[in-house]
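Down below is the structure, laid out as structure tokens.
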Protein chains: 2
Amino acid sequence: MKERRRVTIRDVADAAGVSVATVSRVMSGSHTVNSDMAERVRWAMQELEYRPNGAAQGLASGMHRSVGVVLPDLSNPYFNDIIKATYVGASREQYRMLVTEWREPGEELGVSLDVLSRVDGLLLLSARMDIDGLRDLAARKVPTVLVNRVELGVDLPMVAVDNFSAMLELCQHLASLGHRRVVYLAGSPSAWQNRERWRAVQQARILGLDPVMVAADGTIEAGFEATDEALSHDPTALIAFNDLAALGAIARLRELGLRTPADISVTGFDDVSLARFADPPLTTIVSPKAALGELAWAMFEASLRGERIEQPPLLRAAFVHRASTGPARTSRSRV
Amino acid sequence: MKERRRVTIRDVADAAGVSVATVSRVMSGSHTVNSDMAERVRWAMQELEYRPNGAAQGLASGMHRSVGVVLPDLSNPYFNDIIKATYVGASREQYRMLVTEWREPGEELGVSLDVLSRVDGLLLLSARMDIDGLRDLAARKVPTVLVNRVELGVDLPMVAVDNFSAMLELCQHLASLGHRRVVYLAGSPSAWQNRERWRAVQQARILGLDPVMVAADGTIEAGFEATDEALSHDPTALIAFNDLAALGAIARLRELGLRTPADISVTGFDDVSLARFADPPLTTIVSPKAALGELAWAMFEASLRGERIEQPPLLRAAFVHRASTGPARTSRSRV
DNA sequence: CTGTTAGCGCGTTCAA
DNA sequence: TTGAACGCGCTAACAG
């Protein structure tokens, strides 16, 4: 295992007794190469343990064979399954994944642009930048797909779950259990998914629901902390923005001596892997995270090839009734 | 938002009426530049919305300003906090993060090498490749730090948690509660952390524990499914490789009508964010995931600068007693 | 089918 | 202090 200078295409060419162009050709799988010449080249590459320099390839060809993934928060486990599915697609095509989070709202566009010189395009997960930002990106004609966000009037391929219908179905479920006074534990106000879900909850007035919104932000901690304020509205059910917030809420309710669902029902959204193992198992919406990731990659790939992409329909998310919801308790003051 | 050709350093130079070299200098913060010239350049960069081409910078300077993060499984939320902390450090230094998982054991080295042509170095999270692989990497003299793995005889900086001591402390806790017959729900056999934790559990024989190992793999599902076999050994406590497996086990126990900890105690490891919100809240080990990520980045950075790195001591992980453990039930057959 | 060569965009000598 | 010119490693014409 001796130390060695980086071996370049030049070294391979010399070792094989051919030109660098030929080496480049066998790498790209060009069929216009004499087969035993190609064999010699491959042998030399093996022998020298040649690894093409990605930066050089990118600079010369304009293709980087990597995709930029931009998301709000790396620590949020919700994105894991999406990223995973995307990664599977990407690696199948020998693509690498450059992951960036932005944290500060307002940094999102900057971060995206920054990474643009090292990738062939972008996957924007749960983008929250304003429409102008999206338009800016769209105008750059760089393959970019929006995941978990739908924005009419922006010329970008997008893939998202039908949050509205799913949430409405969940509300229907609650209504049928006799719930009326409910609190929506909100996600980030600037998140499209939050707006859709809240829109559905409001729509559910026609089902008899009487919803109030309480701010949180889709983390366990936020769900935990927002619960006290939620209870001040004397609800029979808590509709959390997502599973994490729901889990946090349940933990707080337990602390307060309130039983779920006997005293109060709680619903989640997403069906993270823990949801069904929680106590009680969470009534929630199964968002097709893997499908989302796969589809996002597929659209990205199509976009790379310059194909004109037809907008796929919103992905359906299934409602699943587990044990965290039950009949509304009859209206008497809580414990 | 008109469409436009990529603006290069040339454009900036022209707009500012200077040479490209000068522009390059102000970018690198060279102090040998006339200040109003520098000002003009900065103005031109602003005006043209100039973004240096990363690939070109990488090619010219030999630095890619990005780090490769290699891990076993993107969907495992355990890594989120580590990656997050690493990312914070990296982005502070304008570094990007190229993330890759390997899935198939045996692909790890290949994946690592593959990414090496586009990054300045590697962060190997919970690496499971064999020593020869590590040595191969070490011989390449590329900045590489091992996270969650310690391997004497490999010349690579490494940072890890003191799994052994922490697990021993946890065992001490169980022993003091009168537990004797315990089952260790194992993680991946090739994971260093698993080996360390199991080693500690075995060591705990001197504390009176009588441990049996049952295969699992550190996921909720695996913990859930391994529980039945674990019970066949009639333990009073389950020591799970990590929190996820513990949570899965508890879910299964509940299904079986066994109460935690009244009928059987369960411990986790890591203290993922859900652990304290679970029912019952998990007795576990708080691994300093953020510190791990920060330290990993710091060591990587030092390694980049060519500094000789002194091996830091293992990070201490605190034991935390919550409600999933209690006195061993007196020995009578289970329900 | 193969080799020569001109860039890709930028960092970095080396003179001036 | 500044600019001209070379080279980083590779791809993609263009010749032959």
Side-chain angles (χ1 to χ4, degrees), chain A residues 4-42 44-45 48-66 94 96 113-120 142, chain B residues 4-42 44-45 48-66 94 96 114-120:
Chain A
R4 57 223 143 179
R5 180 179 64 79
R6 261 202 78 74
V7 13
T8 77
I9 198 175
R10 189 60 278 158
D11 302 317
V12 177
D14 290 350
V18 300
S19 74
V20 294
T22 301
V23 177
S24 178
R25 289 194 186 98
V26 338
M27 282 199 290
S28 66
S30 168
H31 280 229
T32 76
V33 183
N34 182 304
S35 59
D36 43 300
M37 220 169 198
E39 202 41 56
R40 289 219 311 282
V41 170
R42 262 185 282 273
M45 297 201 297
L48 302 179
E49 296 185 19
Y50 169 64
R51 309 252 164 202
N53 179 310
Q57 288 181 310
L59 185 55
S61 69
M63 298 257 75
H64 301 268
R65 283 211 158 281
S66 54
Q94 316 267 36
R96 288 96 195 158
L113 293 176
D114 176 72
V115 86
L116 225 42
S117 62
R118 352 178 113 258
V119 299
D120 298 333
V142 172
Chain B
R4 57 222 144 181
R5 182 178 62 79
R6 265 201 75 75
V7 12
T8 77
I9 197 175
R10 196 41 298 149
D11 302 316
V12 176
D14 291 350
V18 301
S19 75
V20 296
T22 301
V23 178
S24 178
R25 289 195 186 96
V26 336
M27 283 199 289
S28 66
S30 169
H31 281 230
T32 76
V33 182
N34 183 303
S35 60
D36 44 299
M37 220 168 197
E39 203 40 57
R40 289 219 311 282
V41 169
R42 263 186 281 276
M45 298 202 297
L48 302 179
E49 296 185 18
Y50 170 64
R51 310 248 165 201
N53 181 311
Q57 286 182 311
L59 183 55
S61 67
M63 299 257 75
H64 300 268
R65 283 210 158 276
S66 54
Q94 316 268 35
R96 288 92 197 158
D114 175 73
V115 86
L116 224 43
S117 62
R118 355 181 111 257
V119 299
D120 297 334

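In what follows, chains carry the letters A, B, and so on, assigned in the order in which the sequence lines appear, proteins first and then strands, with residues in each chain numbered from 1.
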Seminar exercise, completed: Comparing nearest nucleotides in DNA chain C, the 5'-proximal residue of the pair A/Ala60, A/Thr32 is A/Thr32
Exercise. The side chain of A/Met37 lies closest to which of these nucleotides: C/dT2, D/dC10, C/dC10?
Worked result: C/dT2
Seminar exercise, completed: To the nearest angstrom, the CG-P distance between A/Asn53 and D/dG9 comes to 7 Å
For this session: Taking only heavy atoms on the protein side, list every residue of residues 18-28 of chain B lying under 4.0 Å from any atom of DNA chain C, sorted numerically.
Result: B/Ala21, B/Ser24, B/Arg25, B/Met27
Exercise. Rounding to a whole Å, what distance do you find between A/Arg10:CZ and C/dG3:P?
Worked result: 10 Å
Throw together a table of side-chain donor-acceptor distances under 3.5 angstrom for residues 13-24 of chain A, partners on residues two or more places apart or in other chains.
from: A/Asp14; atom 1: OD1; to: A/Arg10; atom 2: NH2; distance (Å): 3.0
from: A/Ser19; atom 1: OG; to: A/Ala21; atom 2: N; distance (Å): 3.4
from: A/Ser19; atom 1: OG; to: A/Thr22; atom 2: N; distance (Å): 3.3
from: A/Ser19; atom 1: OG; to: A/Thr22; atom 2: OG1; distance (Å): 3.3

Exercise. Does B/Gln57 have a side-chain nitrogen or oxygen under 4.0 Å from the phosphate oxygens OP1 or OP2 of C/dC10?
Worked result: no
Problem set entry | Atom-to-atom span, CE of B/Met63 to P of C/dG9 - whole angstrom | 22 Å
Problem set entry | For atom NE2 of B/His64 and atom P of C/dG11, their distance in whole Å | 14 Å
Exercise. Rounded to the nearest Å, what distance is computed from the CG atom of residue A/Leu116 to the P atom of nucleotide C/dG9?
Worked result: 14 Å
Problem set entry | CZ-OG distance between B/Arg96 and A/Ser117, expressed to the nearest 0.5 angstrom | 7.0 Å
For this session: Hey, could you give me each pair passing side-chain hydrogen bond (donor to acceptor under 3.5 Å, both in side chains) that has a residue in residues 51-63 of chain A? Not counting sequence neighbours.
Result: none
Exercise. Toward the 5' end of DNA chain D, which comes first, B/Ser61 or B/Asn34, by nearest nucleotide?
Worked result: B/Asn34
Problem set entry | Between P of C/dC10 and CG of B/Leu59, the distance in whole Å | 12 Å
Exercise. Can you name the side-chain hydrogen bond (donor to acceptor under 3.5 Å, both in side chains) partners of B/Arg118, sequence neighbours left out?
Worked result: none
Exercise. A/Ile9 CD1 to D/dA12 C1': how many Å, rounded?
Worked result: 12 Å
Exercise. What pairs with B/Ser28 under side-chain hydrogen bond (donor to acceptor under 3.5 Å, both in side chains), at least two apart in sequence or on another chain?
Worked result: none
Problem set entry | Salt bridge flag under 4.0 Å for residues B/Asp11 and B/Arg6 | no
For this session: Check side-chain hydrogen bond (donor to acceptor under 3.5 Å, both in side chains) between B/Thr32 and all other residues, then give those that pass, not counting sequence neighbours.
Result: B/Ser30
